[in-house]
2 protein chains.
Amino acid sequence: MDARVALGAKFENWLALGFDDARCPVRNLLDQIGDRWSMLVLAALAGGAKRFSTLARALPDISKRMLTQTLRRLEADGLVHRDVQPTVPPSVTYSLTSLGESFAAPLLGLVEWAEANFAAVLEARARRAQAA
Amino acid sequence: MDARVALGAKFENWLALGFDDARCPVRNLLDQIGDRWSMLVLAALAGGAKRFSTLARALPDISKRMLTQTLRRLEADGLVHRDVQPTVPPSVTYSLTSLGESFAAPLLGLVEWAEANFAAVLEARARRAQAA
DNA sequence: GACATTGGTCTCAAATAGAGACCAATGATC
DNA sequence: GATCATTGGTCTCTATTTGAGACCAATGTC
């Protein structure tokens with residue numbers, strides 16, 4: 001019933017199976033998209049296709065280097081499509097594939113949790129700062 | 001309607017608001033728990049309280065250093081409770097707080113997506129490896 | 001003729017993660 | 001009764017990752 005119980009059961013199951021990177025989808029994908037930028041980039045593309053420089057402006061403090069790297073990895077994993085127009089200067093447009101679009105649902109769940117519980121987290125931090 | 005549309009709308013909204021770390025819940029929380037270990041630790045605790053060494057054994061390749069650091073941060077954010085029994089040797093038990101438990105639902109969504117779409121991701125990687 | 005724009009790459013420095021030694025006190029083992 | 005493992009960490013040193021910023025070539029704009 002409970003999501004907690006279901007999650008706990010899944011974890012025990014992974015444990016029993018050895019739970020290494022190659023076989024465990026969760027470990028594998030969390031290692032890839034569980035970084036600071038991937039989810040943000042996916043959220044940015046959720047609204048529609050965007051050019052490289054538009055993404056760079058939308059994500060204020062990602063460096064070009066990391067943006068390139070993140071997009072390349074998402075492309076390799078089949079979540080993002082890269083479309084190059086060989087004009088001069090070049091125009092490169094990124095968009096979600098259908099696989100990428102399917103990720104919007106769980107990501108939205110995460111986002112909604114964050115918005116709903118941000119205050120509680122801030123409060124916990126404040127309590128702890130005071131105790132120290 | 002669509003999760004993708006909803007997510008896109010949220011993103012545009014953050015953009016309009018400036019979207020910095022301090023004010024944006026998603027940026028803020030993604031910076032904290034969006035690392036390789038936090039979600040795994042939370043999943044491990046979903047099944048019930050566990051001791052430090054049990055967690056270390058359950059998460060095969062996290063170093064003690066990172067496990068300590070991750071647990072401390074989750075504790076600071078109010079997701080995890082740390083209970084120290086001053087025996088010798090000490091016994092320290094970690095468990096989810098109710099805030100931590102509430103995170104199980106979105107996390108489960110993520111896990112289910114990963115399980116459902118792992119094959120598609122592997123296929124995308126294989127296609128790309130072949131093209132190169 | 002100078003300057004900005006495009007989508008990157010390259011180099012170097014800074015921050016972060018990982019490996020493994022070490023700790024003190026106790027209980028089990030030999 | 002000496003040795004060994006266990007507890008929950010910390011500390012140091014090294015390896016990996018990240019970030020900042022210069023640079024690129026060709027074109028359009030002022």
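The figures that follow rest on heavy atoms only: side chains count, while hydrogens, waters and symmetry mates do not.
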Donor-acceptor pair, side chain of B:Arg4 and main chain of A:Ala46, under 3.5 angstrom | yes

Give the rounded distance in Å between these two atoms: CE of A:Met66 and C1' of C:dT9.
-> 15 Å

Who pairs with A:Arg125 by side-chain hydrogen bond (donor to acceptor under 3.5 Å, both in side chains), at least two apart in sequence or on another chain?
-> B:Asn28, B:Asp77

Which of residues 50-62 of chain B have a heavy atom under 4.0 Å from DNA chain D?
-> B:Arg51, B:Phe52, B:Ser53, B:Arg57

Provide the closest heavy-atom pair for A:Leu40 versus A:Leu59 in the form atom of the first, atom of the second, distance.
-> O-CD1, 4.5 Å

Counterpart residues, side-chain hydrogen bond (donor to acceptor under 3.5 Å, both in side chains), relative to B:Ser102 (two or more places apart) | A:Trp113

Geometric cation-pi criterion, A:Arg51 with A:Tyr94: 6.0 Å, 45° | no

Considering residues at least two apart in sequence or located in another chain, which fulfil the salt bridge (charged side-chain N to carboxylate O under 4.0 Å, His left out) criterion with B:Arg73?
-> B:Asp35

Close residues, residues 40-48 of chain B, relative to DNA chain D [heavy-atom separation under 4.0 Å] | none

Name the residue closer to the 5' end of DNA chain C, choosing between A:Arg72 and B:Gln69 according to the nucleotide with the nearest heavy atom.
-> A:Arg72

Backbone of A:Arg27 reached by a side-chain donor or acceptor of B:Arg36 within 3.5 Å = no

Check nucleotides 21-26 of chain D against the protein and report each pair of N or O atoms closer than 3.5 Å, with its distance, or say if there are none.
none

